Structures are given as structure tokens and as C-alpha cells.
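What follows is a short report on a single structure.
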Amino acid sequence: MLNGLHGSCARSAGAPSWRSAVTIPGTTRTPLAGLRVVECASFVAGPSGCMTLGQLGADVIRVDPVGGGPDHQRWPVSDRTGESLYWTALNKGKRSVAVDLRSPEGRELVIALATAPGRDNGLVVDNNAGRPWLSYDVLTERRPDVIHVHIQGYADGRPAVDYTVNPEVGVPHLTGPAGSGDPVNHVLPAWDLLTGMTAVTGLLAALHRRGLSGEGTFLQLALHDVALAGIAGMGWLAEAEEQGNRARHGNHLYGSFGVDFATGDGRRVMVVALTPRQWAALRTVTGTEKVFAALEDALGVDLDEESERFRLRETIAAVLRPWFEARELEQVTRELDAAHVLWSAYRTMAEVAAEIRAGGGSGVIGQVEQPGIGEVLTARLPLRRGEEYGPVAAAPRLGEHTEQVLSEVLGLGGAELGALVDRGVIAPF
């Protein structure tokens, strides 16, 4: 047992002065001010969920092994410095503690942080496999009311990531060009991000329960379960069971009308008509009302019906295509916007970044000076009160707050911290 490990209680109220927490405009405190969460997770799900808790005002203490976890240098990385743009983006606003997780002393420090006393402590999020020393049973021996959210790949404990789960639930066979036989993976780790938000929901629900009953909770959340629940929740499993595999439709919007068109200057736009009003606006601006009225009479259909617009999608696209090909993007933009058509232009990620740098785009993106990299674009919390977003925050350097956290939360003094550094239990900063 380390001397002084339980010598002082953690603060449980008020946002610490060191943290650039998000303040919801119109309130005197951030919603989760004073809450302390210990995060022992890597990659996307756990870090993204805990980042959201931090943006809502919680004190998120990220624990990594000395030298960094498996995601510490994950791509994309900065061409300027080699630092991970991925890691810093997912860990902004947190405090970083680097500990030798293989040593008994290092593990004792993490357990002590996870079970620190105080109403707003005792909250743990992890995705570790093969670490029985950080199990719920071990934690509840120290603090019976601990709330532990454990993220897994599969419910039986086997590992998985978004890029292996997504093929397994069938999504890549719905994605890609019509007529293609090859599966097409998407680059967005959607199930990871949804798992992170589900973990946050579960943690806050368990916290509410603890406030009423004083009881702790152990929650397990598997990435594969989240993916299955997602596709089932959209009716895709029921559809497949009843009708077999859905055919690929390229960029056509399934079940309604929506597809991309090329403009006269070589750009592309996506146009969608989900409702009768949107369909009417598209017909009017393109001057095709009479053509489609004649088509309806000839085929005996009502194109105000979504299903009919989808069934005749290729014919509709062929009628509309010349209008777009005769206009450059600037004119298309002006005329579609004036007619209140639902549409957007295809842009590259670099174009989006350039627009934001030039002062355009959504206020959810801001600029921050990221230690080790320089000025980068980063996201605020998407939640707004009124029309205002909260501030931006930088990510910590690995291990930046190790001594500060151990001093503040566990009451360790300078001599004890120095001895831990000397023994390699914690990383010097």
C-alpha cells in the first residue's frame, strides 16, 4: 500500500480551475461540473463517450500506460510534428495520467483513482480485456457504490473493432455501386461512435440510480450488440428476413427519390425529394412539371408517393439530368436555394476545412493551439443552448497531469511522487 494513498478526499463540487470545461450558456455551472470519471480506454468508443462527458463539464481522467496506449500514435498524424491528430481530437479537455500498469504499485494507483471517495467520484469507463485487477468485483471491495461501464467487442468477451463488426452485420453488401458484387466498407466508425454515446447514456442512468438508491452498477456494452441493435432498429433485419437481401442502389436514396447529378462545370450535387413539397419544389425549379404530369398520365402513377418516385428513380433522374448539366454549380446553388429544394454539393474534406478556416461553416468547429502540433481545427460540444456553442479545448500531452491528479485526488505529496517517478511507476512530465 502506498503511503498517503487514501489520505485526502477528492473535491466533489465546482469545476476545477485548471480545466477548460464547456459552459452551457445561461447557466452558472456546467451540467456535469464536479463529476469525475476515470477512463481506461483506447481507440474510439470509450474515448469519444468520455470526451462528451468532459465537454459537459466532467473531470475526465484518462489513464494510459507509460509511453502511451495502442492508439497514442494512431493515424492520422501531423506532417509537421508526427503527433497523432486522431488521439488529440478524441481526448481534448481531459486530464492525462501515465502509469506503469504492469506494476502492482501502478495498478494500485489506478484502483485508488477509480474508487476515490466523494459523491461525484467512483465512475469508471474501460474497454480493457485481460485486466482482472480492474474488475467490478475488485473495485466494489473498495467502494460498493462504484459505477463501472465496460466496453467490449462481443458480449462473450472476444475482441472486435468497428471495421470487423460492420462487415459481419451485412452493411457493406448494401453499400456501393448498383450491380457490384464486392462488399464496400465505409470509413466512418459509426458503431464505435454510437457505442460511445450509449456508454455515456448508461453511465448517467446508473448515476441517477445511485443518487436515488445509493447502489453501484456494472454495465457491459458490446460493439457487436450495438451494431445489431442499430440495424434491427431501422427495420433492416426484418426486411432481410421477409424479402431477402436488398439490392445495391449506388447513390440513390432507398425508398424515396434522391440521387447525385453532375453540373456543367464538373461538380456534383446530391438532390433529395422526400416529401410532396420537396418534390414539387424540384419539379418547379427545373421546369419539368408538364413532363412529369405526362409521365404520371402515361404510366398511371402518382409521383407524390415516395414509393413511386423510388420505383421510377432512373426515369426521373434522366428527365432532371439535362437541367443540371446545363448549369454551373454557382447557378445551381442560387436557383435550388431560392426554390427551397433539399440538396447539397459534394465537397472534399480539404474544401470543408478551407471554408472553416476562411470563417464559414458551422460554429461547432473552432481553432485551438494543440501542444505538440500547433493550431488545429477542433470541435465544440454540438449541443447548444439558444444559438451558442461552448468553448474549444486542447488535448493534454501524454501524462501531463499525472502528478497533479495523484496529488489532488489521492493526497500524495512531493516526496511520494518523486519516489514513484524514480521507480518508474509514473511518468515524469
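Computed from a predicted model, the values in this text were never measured in an experiment. The chain is numbered in sequence order, starting from 1.
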Margin query: I'd like to know if the side chain of Q331 pairs up with that of E335 as donor and acceptor (distance under 3.5 Å, no hydrogens or angles considered).
Written below: yes
Check: Mind checking whether D225 and L221 have side chains closer than 4.5 Å, heavy atoms only?
Finding: no
Item checked: R277, CZ: over 12 other non-hydrogen atoms inside 6.0 angstrom -> no
Item checked: Salt bridge present between E388 and R385 (N-O < 4.0 angstrom) -> no
Notebook entry, point to check: Any chance CD of E387 has more than 12 other-residue heavy atoms, nucleotides or ligands included, within less than 6.0 Å?
Noted result: no
Notebook entry, point to check: Closest approach of H401 and K94, non-hydrogen atoms and distance?
Noted result: CE1-O, 3.9 Å
Next item on the list: Decide yes or no for Q73 and W87: does some side-chain heavy atom of the first lie under 4.5 Å from some side-chain heavy atom of the second?
Entry: no
Notebook entry, point to check: How close do G122 and V146 get, heavy atom to heavy atom, and via which atoms?
Noted result: O-CG2, 3.3 Å
Next item on the list: For residues L377 and Q367, determine if any side-chain heavy atom of one lies less than 4.5 Å from a side-chain heavy atom of the other.
Entry: yes
Margin query: Quick check: do D337 and W343 have side-chain heavy atoms less than 4.5 Å from each other?
Written below: yes
Check: Taking NZ, NE, NH1 and NH2 as the nitrogens, is one of them in E408 or R95 under 4.0 Å from a carboxylate oxygen of the other?
Finding: yes
Check: Has E330 got more than 12 heavy atoms of other residues, nucleotides or ligands less than 6.0 Å from its CD?
Finding: no
Item checked: M234 atom CE, over 12 foreign heavy atoms within 6.0 Å -> yes
Margin query: In the structure I gave you, are the side-chain heavy atoms of M51 and E39 within less than 4.5 Å of one another anywhere?
Written below: no
Check: So do the side chains of R397 and S96 get within less than 4.5 Å of each other, counting heavy atoms only?
Finding: no
Next item on the list: Run the salt-bridge test on E328 and R334 with the 4.0 Å N-O cut-off and return the result as yes or no.
Entry: no
Notebook entry, point to check: Any side-chain heavy-atom pair from D126 and V149 closer than 4.5 angstrom?
Noted result: no
Checklist line | R246 to Y254, cation-pi by 6.0 Å centre distance and 45° axis angle | finding: yes
Check: Is it the case that more than 12 heavy atoms not belonging to Q243 sit under 6.0 Å from its CD atom?
Finding: yes
Check: Salt bridge between R268 and E325, side-chain N to carboxylate O under 4.0 Å?
Finding: no
Notebook entry, point to check: How about V271 and L342: do any of their side-chain heavy atoms sit closer than 4.5 Å?
Noted result: no
Next item on the list: Tell me, with the steps shown, if R158 and Q152 meet side-chain hydrogen bond (donor to acceptor under 3.5 Å, both in side chains).
Entry: CA-CA 8 Å; R158 288 179 294 136; Q152 306 165 289; over 6 Å; no
Checklist line | Worked verdict on D182 versus S180 for side-chain hydrogen bond (donor to acceptor under 3.5 Å, both in side chains) | finding: CA-CA 6 Å; D182 296 328; S180 171; 4.8 Å; no
Next item on the list: May I ask you to decide whether D120 forms a salt bridge with R36, counting only side-chain N to carboxylate O separations under 4.0 Å?
Entry: no
Check: For the ring pair F310 and H249, is the centre-to-centre distance below 6.0 Å?
Finding: yes
Next item on the list: Kindly check if the number of other-residue, nucleotide or ligand heavy atoms within 6.0 Å of CZ (R102) is above 12?
Entry: no
Next item on the list: May I ask you to say whether E215 pairs ionically with R209, meaning some side-chain N is under 4.0 Å from a carboxylate O?
Entry: yes
Margin query: Would you say CG of D79 has more than 12 non-hydrogen atoms from neighbouring residues, nucleotides or ligands within 6.0 angstrom?
Written below: no
Margin query: I'd like to know whether CG of N245 has more than 12 heavy-atom contacts from other residues, nucleotides or ligands below 6.0 angstrom.
Written below: no
Notebook entry, point to check: Would you call R142-D137 a salt bridge at under 4.0 Å N-O?
Noted result: no
